[in-house]
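Heads up: the structure comes next, in structure tokens.
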Amino acid sequence: MARVVVVGAGLGGLAAAARLAALGHAVTVVEQGPRAGGKLGWFSRDGHSFDTGPSLVTLPQVYRDLFTATGGRLEDALDLVRLDPAVGYRFADGTRLTVPGRPDAVPAALDDALGAGAGRQWSALMDRAAAMWRISEDPFLRTPLAGAATLARLARRPRDVATVAPWQSLRGLGRRYLAHPHLRTLLDRYATYSGSDPRRAPAVLATVPYAEQAFGSWYVRGGLHRLGLAVLDRAVAHGAVLRTGSPVRRVLVENGRAAGVELADGERLRADVVVSGVDATALHTDLLPGEPRTRGVRRALGRTTPSLSGFVLLLALRGRTPGLDHHTVLFPDDYDAEFDAVFGTGRYAGRPGPVPDPTVYVSAPDDPALVPDDDSESWFVLVNAPRHDPAAGMDWDAPGLAAGYADRVLEVMARRGLDVRGRLRRREIRTPADLARDTGSVGGSIYGTSSNGSRAAFLRPANASPVPGLFLVGGSAHPGGGLPLVGLSAEIVAGLVGPA
Ligand SMILES: Cc1cc2nc3c(=O)[nH]c(=O)nc-3n(C[C@H](O)[C@H](O)[C@H](O)COP(=O)(O)OP(=O)(O)OC[C@H]3O[C@@H](n4cnc5c(N)ncnc54)[C@H](O)[C@@H]3O)c2cc1C
């Protein structure tokens with residue numbers, strides 16, 4: 001039995017803790033904040049409640065596997081609902097598209113909304129994406145990253161390489177398969193699921209809409225934050241201990257291997273294994289400063305583009321919105337201007353800033369647990385945003401900026417047909433700076449490093465650190481961000497540490 005300290009009680013840390021505790025290790029989870037969950041957060045006031053982070057579960061099988069490995073059934077712990085329709089899209093020219101939650105119904109819905117042939121184009125793309133998924137799921141998503149060896153393994157079969165087309169961008173793939181501009185916009189949006197720019201993210205991200213449609217879009221009744229609590233329960237059931245309000249200031253390295261952690265108040269927790277669930281950039285710059293073995297990791301991180309962040313509004317509304325889908329996306333006229341503003345490229349070169357005319361994502365669960373009465377709604381509104389980086393000129397704490405931008409987002413929504421300004425009981429604003437403070441993710445990046453660039457997936461830190469005894473889980477390590485991948489990182493780490 002090893003003594004394991006897990007740093008950070010985000011979903012990655014919790015999932016690793018549950019799996020390692022179930023394998024017989026003595027696990028302590030240390031969390032800087034007042035409660036577990038990390039980005040999978042929750043806010044409640046005056047009867048209105050909100051998930052403050054994720055609003056969509058994909059690949060729930062990852063968490064079914066975790067429950068099976070830790071002696072339970074996911075469905076006994078959570079009320080998971082497959083959404084149908086999955087999402088409603090509204091385009092700038094007024095076109096509306098409701099995407100069904102069952103893949104076989106998608107082509108007809110596309111034909112209805114966008115004209116005959118749209119469904120066929122999308123299906124051809126999804127066939128290619130299914131092939132990409134089959135090639136990449138086991139050898140990449142479920143396997144530890146091993147630098148050149150991983151590349152060599154993936155490159156062994158030229159046919160597979162041609163299918164994955166590592167040289168092609170997601171935008172390029174869309175151009176090849178999709179003639180309708182709205183379909184291209186739809187595909188582009190999936191780059192943002194990993195915090196990336198479709199013009200620079202690899203074509204293999206087409207597996208994201210494939211997985212979403214093939215395996216469903218899911219909601220957790222009562223709020224997605226319950227997933228974090230359910231995973232925490234699994235860990236505690238196997239004897240893991242959670243210590244909140246305990247920021248780690250240093251990972252201890254002794255005799256060439258991880259030996260525990262030092263908390264901000266000076267207390268030292270000795271361990272045989274340290275699992276870091278904190279932002280990998282923060283780990284390597286703040287908690288392991290100057291560690292010579294991780295120089296290569298720091299260098300690789302320096303060559304990546306951090307993921308985009310998000311500007312969030314939590315809207316407590318009086319009254320109900322007829323015909324509103326659970327998830328709604330309001331697209332702008334010029335999607336590229338959004339990516340340029342967020343990443344400081346093109347016409348915003350070197351000057352990232354809030355997107356003047358952003359895509360607006362609204363999650364409005366029809367769930368009595370989230371509202372004070374049945375004549376109310378609790379909306380989570382998310383807009384892609386540049387990271388908080390005052391040194392580079394993007395300071396989300398600048399006086400008046402957040403409130404002014406919230407007004408702007410509400411005005412954009414009104415222009416696109418969702419005017420709720422007269423129904424507001426309260427609005428709560430969460431900027432990238434708030435996300436950085438609350439979760440320790442540098443600049444408030446949602447997904448660690450982005451997938452911008454064909455080598456991005458291989459520059460993300462591996463789950464086994466070069467420091468023996470130190471492992472990385474969570475959205476900024478391999479295989480990447482988002483609830484399912486974070487769960488897979490925990491599965492990989494549990495496999496690397498092994499049973500007690
Ligand atoms: C607004 C938003 C919307 C999202 N939407 C979706 C979605 O719809 N679907 C989806 O799949 N994913 C979504 N995501 C992404 C998803 O939330 C993350 O990928 C995932 O929750 C990350 O989990 P994690 O454990 O890697 O990191 P985190 O949740 O960031 O956990 C890290 C934890 O470490 C703690 N910590 C940091 N530093 C220290 C320290 N020094 N000492 C101790 N503790 C420390 C933090 O407080 C935090 O609790 C969204 C994220 C956000 C922010």
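Numbering of ligands and ligand atoms starts at 1, following listing order.
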Tell me whether Ile446 has any N or O atom under 3.5 angstrom from an N or O of ligand 1.
no
Check whether any side-chain heavy atom of Val362 lies under 4.5 Å from a side-chain heavy atom of Phe380, and answer yes or no.
no
Answer with side chain, backbone, both or neither: which part of Pro484 has a heavy atom less than 4.0 angstrom from an atom of ligand 1?
side chain
Within the structure provided, determine whether Leu11 and Leu483 are in side-chain contact (heavy-atom separation under 4.5 Å).
yes
Is the ring pair His48/Phe50 parallel, tilted or perpendicular, if the boundaries are 30 and 60 degrees?
parallel
Gly482 N/O under 3.5 Å from ligand 1 N/O:
yes
Tell me, which protein residue and heavy-atom name are nearest atom 9 (N) of ligand 1, and how many Å apart are they?
Leu56 O, 2.9 Å
Could you tell me, atom by atom, which parts of ligand 1 come under 4.0 Å of a heavy atom of Gly475?
26 (O)
Distance from atom 22 (C) of ligand 1 to nearest protein heavy atom, with residue and atom:
Val486 CG2, 3.9 Å
Which residue and heavy atom of the protein sit nearest atom 46 (C) of ligand 1, plus the separation
Thr439 O, 3.3 Å
With a 4.5 Å cut-off on side-chain heavy atoms, are Arg293 and Leu288 touching?
no
Identify the protein heavy atom lying closest to atom 11 (O) of ligand 1, giving its residue, its atom name and the separation to 0.1 Å.
Leu483 N, 2.7 Å
Salt-bridge contact Lys39-Asp51 (side-chain N to carboxylate O under 4.0 Å):
no
Under a 4.0 Å threshold between the charged nitrogen and the carboxylate oxygen, would Arg64 count as salt-bridged to Glu75?
yes
Quick one, His327 with Tyr361, criterion side chain to side chain donor-acceptor pair (under 3.5 Å). Give me CA distance, side-chain angles, the key distance, then yes/no.
CA-CA 7 Å; His327 299 305; Tyr361 166 77; 2.9 Å; yes
Relative to ligand 1, is Thr52 under 4.0 angstrom through side chain, backbone, both or neither, heavy atoms considered?
backbone
Any salt bridge linking Arg270 with Glu254? Criterion: basic side-chain nitrogen under 4.0 Å from a carboxylate oxygen.
yes
Please work out, at 4.0 Å between heavy atoms, whether the side chain, the backbone, both, or neither of Tyr447 comes within that distance of ligand 1.
side chain
Is ligand 1 less than 4.0 angstrom away from at least one heavy atom of Thr58?
no
Which of the atoms of ligand 1 are close to Gly38, meaning less than 4.0 Å from one of its heavy atoms?
29 (O), 48 (C), 49 (O)
Evaluate Phe380 for polar contact with ligand 1, using N/O atom pairs at a separation under 3.5 Å.
no
For atom 17 (O) of ligand 1, which candidate among Ala282, Gly53, Pro54 holds the nearest heavy atom?
Pro54
Asp366 atom CG, neighbour heavy-atom count above 12 within 6.0 Å:
no
Could you check which of Arg35, His327, Lys39 puts a non-hydrogen atom nearest to atom 28 (P) of ligand 1?
Lys39
Can Asp407 and Arg427 be counted as an ion pair, charged N to O under 4.0 angstrom?
yes
Quick one: does Ser465's side chain get under 4.5 Å of Leu472's, heavy atoms only?
yes
Pull out every atom of ligand 1 sitting under 4.0 Å from any heavy atom of Asp438, numbered as shown with elements.
47 (O)
Give the atoms of ligand 1, by number and element, whose distance to some non-hydrogen atom of Val278 is under 4.0 Å.
34 (O), 36 (N), 37 (C), 38 (N), 39 (C), 45 (C)
Answer yes or no: does an N/O atom from Val473 fall short of 3.5 Å to an N/O atom of ligand 1?
no
Among all the protein's non-hydrogen atoms, which is closest to atom 34 (O) of ligand 1, and how far away is it?
Gly8 CA, 3.3 Å
Ring geometry between Phe331 and Tyr89 (parallel below 30°, tilted from 30 to 60°, perpendicular above 60°)
parallel
For atom 42 (N) of ligand 1, which protein heavy atom lies nearest, and how many Å away is it?
Val248 N, 2.9 Å
With a cut-off of 4.0 Å, which atoms of ligand 1 are near a heavy atom of Val30?
43 (C), 44 (N)
Angle class for the Phe339/Phe343 ring planes (parallel below 30°, perpendicular above 60°, tilted otherwise)?
parallel
Would Arg243 and Glu31 pass as an ion pair if we require N to O under 4.0 Å?
no
Would you say Ser363 touches ligand 1, if touching means a heavy atom closer than 4.0 Å?
no
Of all the non-hydrogen atoms in the protein, which one sits nearest to atom 48 (C) of ligand 1, and at what distance?
Glu31 OE1, 3.5 Å
List the closest protein heavy-atom neighbour of atom 24 (P) of ligand 1: residue, atom name, distance to the nearest 0.1 Å.
Gly12 N, 4.0 Å
Mind checking whether Gln32 has an N or O less than 3.5 Å away from an N or O of ligand 1?
yes
Does Ser55 have a heavy atom less than 4.0 Å from any atom of ligand 1?
yes
Compute the minimum heavy-atom distance from Gly277 to ligand 1 and say whether it is under 4.0 Å.
yes
Within the structure, does Leu435 bring an N/O atom to less than 3.5 angstrom of an N/O atom in ligand 1?
no
Would you say the ring centers of Trp396 and Phe311 fall short of 6.0 Å from each other?
yes
Neighbour count above 12 (heavy atom, 6.0 Å) for Arg96 CZ:
no
Give the single entry among Pro432, Ala9, Gly10, Ser476 that approaches atom 31 (O) of ligand 1 most closely by any heavy atom.
Gly10
Looking at Gly474, which atoms of ligand 1 are within less than 4.0 Å of one of its heavy atoms?
26 (O)
Kindly indicate whether the side chain of Val497, heavy atoms from C-beta on, has any atom under 4.5 Å from the side chain of Leu23.
no
